[in-house]
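Here is the structure we will look at.
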2 protein chains.
Amino acid sequence: MRNINEDTITLAVVESMRDAKNARLRTVMTSLVQHLHSFAREVKLTEGEWVQAIDFLTAVGHITDDKRQEFILLSDTLGLSMLVTAQNNRKPSECTEATVFGPFFVNGAPEYENGNDISNGASGEPCFVSGRILGVDGSPVASARIDVWQSDEDGFYDVQRPPESSSTPAHRARGRLSSAADGSFHFRSILAVAYPIPHDGPVGQLLEALGRHPWRPAHLHFMIAAPGYETLVTHVFREGDPYLDSDAVFGVRSSLIAKWVRHESGVAPDGTRMDKTFYTLEYDFVLNPADDTHQSTHEA
Amino acid sequence: MRNINEDTITLAVVESMRDAKNARLRTVMTSLVQHLHSFAREVKLTEGEWVQAIDFLTAVGHITDDKRQEFILLSDTLGLSMLVTAQNNRKPSECTEATVFGPFFVNGAPEYENGNDISNGASGEPCFVSGRILGVDGSPVASARIDVWQSDEDGFYDVQRPPESSSTPAHRARGRLSSAADGSFHFRSILAVAYPIPHDGPVGQLLEALGRHPWRPAHLHFMIAAPGYETLVTHVFREGDPYLDSDAVFGVRSSLIAKWVRHESGVAPDGTRMDKTFYTLEYDFVLNPADDTHQSTHEA
């Protein structure tokens with residue numbers, strides 16, 4: 001280690017980790033160091049660019065708090081999140097595909113009964129969502145835990161809003177339901193709209209420098225868990241959205257695109273008489289049987 | 001982009017950057033994304049490990065402030081800093097080699113005359129440092145700007161100490177000098193000692209998990225700038241230090257190791273009569289002529 005140079009440094013770092021007790025950690029860090037060094041060599045990273053990178057990561061760290069996760073935004077916009085999601089959720093083609101978790105899930109959202117309005121004061125055009133939770137063979141999955149979360153008509157999640165008066169509920173347009181004995185679920189909420197990811201921070205500046213927009217196509221987030229099945233983290237995307245082909249976080253999969261049906265007025269699926277525009281969405285989720293080793297990462 | 005999967009994601013991200021106006025940024029980010037994805041594929045990074053990585057980076061960001069730079073520590077301990085330093089400071093073998101900048105330089109350190117005591121109240125055994133700033137042909141470099149910074153006898157830089165009483169100088173064991181007409185410089189300071197990098201944060205936890213110690217061999221930091229020459233950022237390491245072969249930041253190069261001579265008492269190089277132990281260190285620095293494109297990154 002007395003003659004470290006640009007050729008010997010990588011091996012020196014790898015060898016320094018030889019005593020790591022956790023073999024998996026050693027494997028991961030060895031690969032990370034090798035790829036990080038290969039990157040720096042390939043582009044011949046300059047000292048000025050290294051300083052820029054340190055400053056960028058520092059800014060990402062400093063804007064991150066319990067409400068805003070700029071590192072997840074960074075991972076999402078570099079496609080790392082979708083890659084990790086995809087390679088950890090290989091499943092039979094008849095199962096519903098997974099997509100990115102995103103930074104806007106929160107623990108402790110309200111529990112609702114089927115038929116409830118989960119918007120809880122969030123603004124937007126009414127939308128009635130229904131579907132079934134199924135196994136690969138089409139059998140219903142009863143009592144599945146269904147977490148749903150979404151933006152309001154301005155494209156903001158509740159956690160992006162400044163704290164309002166004490167009469168405003170903390171959790172809006174998010175909640176937890178259970179599937180019925182026949183696997184079905186239904187709830188009322190609001191129409192999801194396309195929105196830009198938070199882009200007033202360092203990740204937004206990076207996207208702009210890269211000539212990229214920060215928009216995501218309209219979607220509902222779902223996380224569905226049931227004993228004996230892999231937990232499914234996914235979205236349902238709105239057919240026709242102009243950003244389906246350029247999602248800022250690379251989360252779109254064609255099988256997750258569904259039609260939001262517009263109704264000028266009439267009787268909603270829950271029997272409510274609507275005298276203004278409303279939407280309906282129907283989507284079934286097919287869960288993959290769990291193998292014993294599969295652990296859910298996003299458990300509440 | 002409607003059928004992103006683990007195979008197509010990398011190309012999708014690379015293509016999303018096609019409109020970047022800055023070609024160099026596009027090159028750097030393309031390589032970064034390709035290597036980041038290759039890493040994630042090679043180790044088949046799990047969703048749980050991804051969450052751990054996000055949490056780790058968040059902790060690195062949150063402990064970083066204007067006095068502590070945990071991202072630089074991370075880069076240093078993964079060998080990235082030394083790699084970037086090495087590949088940007090290729091120079092003829094007769095020139096003094098560069099090493100890592102480290103996180104402890106600060107702007108605005110006091111200016112001193114040759115012969116001054118730069119310890120400025122930092123504790124440690126007296127050490128008299130002298131040498132010359134030279135060109136490749138051995139000619140003296142006059143009026144070179146010499147920044148020097150070091151730890152005290154407890155292994156702490158001034159910036160690592162909590163703010164003390166208003167009578168304690170802010171800048172201790174650091175300062176700026178100029179070489180004389182014959183290229184020479186000399187100053188009094190204190191003996192540098194081996195010290196652990198700050199390891200009470202996430203980088204320290206990572207080192208421990210990797211079975212690595214956080215120690216650096218004793219060294220003096222130098223940054224030397226003169227018109228017509230490349231700015232030299234380097235250390236002088238203390239011969240005999242037990243950590244020369246396992247520097248936590250991989251900064252040692254044999255040519256930078258020098259002998260600190262111990263004297264029980266006697267006349268110091270500046271003529272001072274010393275009745276206690278003191279040290280002397282003599283080291284000459286050879287600067288590389290600047291090409292026009294070379295920009296110093298660490299200008300104060």
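Note on naming: letters A, B, ... go to the chains in the order of the sequence lines (proteins, then strands), and numbering restarts at 1 for each one. What you see is a predicted model; the values in this text were computed from it and never measured. Keep in mind that the numbers below use all heavy atoms, side chains included, and drop hydrogens, waters and symmetry copies.
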Completion exercise
Between the CG atom in L36(B) and the CG atom in L36(A), the distance rounded to the nearest 0.5 Å is 9.5 Å
Problem - When A86(B), G211(B), S254(B) are compared by non-hydrogen pairs under 4.5 Å with chain A, the top option - result: S254(B)
Problem - Contacting moiety of R24(B), where chain A heavy atoms sit under 4.5 Å - result: side chain
Practice task
Report the option among N5(A), T27(A), V28(A), V33(A) that has the most heavy-atom pairs separated by less than 4.5 Å from atoms of chain B.
Solution key: V28(A)
Problem - Centroid-centroid under 6.0 Å between Y283(A) and F222(A) rings - result: no
Handout entry: Top of Q52(B), H62(B), M82(B) for chain A proximity - count of heavy-atom pairs under 4.5 angstrom
Key = H62(B)
Handout entry: Contact check, side chains of D76(B) and I197(B), non-hydrogen atoms, under 4.5 Å
Key = no
Practice task
To the nearest 0.5 Å, tell me how far F285(B) CZ sits from C95(B) SG.
Solution key: 13.0 Å
Exercise for the section: Could you tell me whether the side chains of S38(B) and H35(A) share a donor-acceptor contact shorter than 3.5 Å? Expected result: no
Handout entry: Between T30(B), I63(B), V84(B), the one whose heavy-atom pairs under 4.5 Å with chain A are most numerous
Key = V84(B)
Fill in the blank from the handout: Pair count under 4.5 Å, heavy atoms only, with chain B: among S255(A), G61(A), A53(A), highest is G61(A)
Problem - Which atoms of Q69(B) approach chain A - backbone, side chain, both or neither, heavy atom under 4.5 Å - result: side chain
Problem - Contact origin within M17(B) toward chain A - heavy atom pairs under 4.5 Å - result: both
Exercise for the section: Against chain A, work out which of V14(B), T58(B), T8(B), L206(B) has the most heavy-atom pairs shorter than 4.5 Å and name it. Expected result: T58(B)
Exercise for the section: Heavy-atom pairs under 4.5 Å with chain B are the metric here; pick the option from L74(A), T99(A), L57(A), D19(A) that has the most. Expected result: L57(A)
Practice task
Anything under 30° is parallel, anything over 60° is perpendicular, the rest tilted; go ahead and classify H221(A) against H219(A).
Solution key: perpendicular
Exercise for the section: Find the one option among L256(A), V60(A), T85(A), V43(A) whose heavy-atom pairs under 4.5 Å with chain B are most numerous. Expected result: V43(A)
Problem - Interface moiety of K21(B) toward chain A, non-hydrogen atoms closer than 4.5 Å - result: backbone
Handout entry: CA sep, side-chain torsions, deciding dist, call: D200(B), R68(B), salt bridge (charged side-chain N to carboxylate O under 4.0 Å, His left out)
Key = CA-CA 12 Å; D200(B) 57 343; R68(B) 175 161 181 166; 2.7 Å; yes
Exercise for the section: Determine, using ring centers only, whether F101(A) and W149(A) are less than 6.0 Å apart. Expected result: yes
Problem - Residue L32(B) versus chain A: region with a heavy atom under 4.5 Å - result: both
Problem - Interchain contact, Q87(B) with chain A, by part (heavy-atom threshold 4.5 Å) - result: both
Exercise for the section: Using non-hydrogen atoms and a 4.5 Å limit, figure out which bit of L80(A) sits close to chain B: side chain, backbone, both or neither. Expected result: both
Problem - Interchain contact, T64(B) with chain A, by part (heavy-atom threshold 4.5 Å) - result: both
Exercise for the section: Say whether, by atom type as modelled, one donor and one acceptor occur between the side chain of N88(B) and the main chain of L45(A) under 3.5 angstrom. Expected result: yes
Exercise for the section: Kindly assign one of parallel, tilted or perpendicular to the pair Y195(A) and Y157(A), based on the angle between their ring planes and the thresholds 30° and 60°. Expected result: perpendicular
Problem - Nearest-0.5 Å distance that lies between atom CG in L207(B) and atom CG in L78(B) - result: 8.5 Å
Practice task
Verify whether one side chain among H235(B) and R216(B) offers a donor that lies under 3.5 Å from an acceptor in the other.
Solution key: yes
Fill in the blank from the handout: Of the listed R26(B), E70(B), R41(B), the one with the largest count of heavy-atom pairs under 4.5 Å with chain A is R41(B)
Practice task
May I ask you to name which of P217(A), S75(A), A59(A) has the most heavy-atom pairs under 4.5 Å with chain B?
Solution key: S75(A)
Handout entry: Contact leader toward chain A among R90(B), R18(B), H213(B), Q34(B), where contacts are heavy-atom pairs under 4.5 Å
Key = R90(B)
Completion exercise
Turns out that what part of I257(B) lies under 4.5 Å from chain A's heavy atoms comes down to side chain
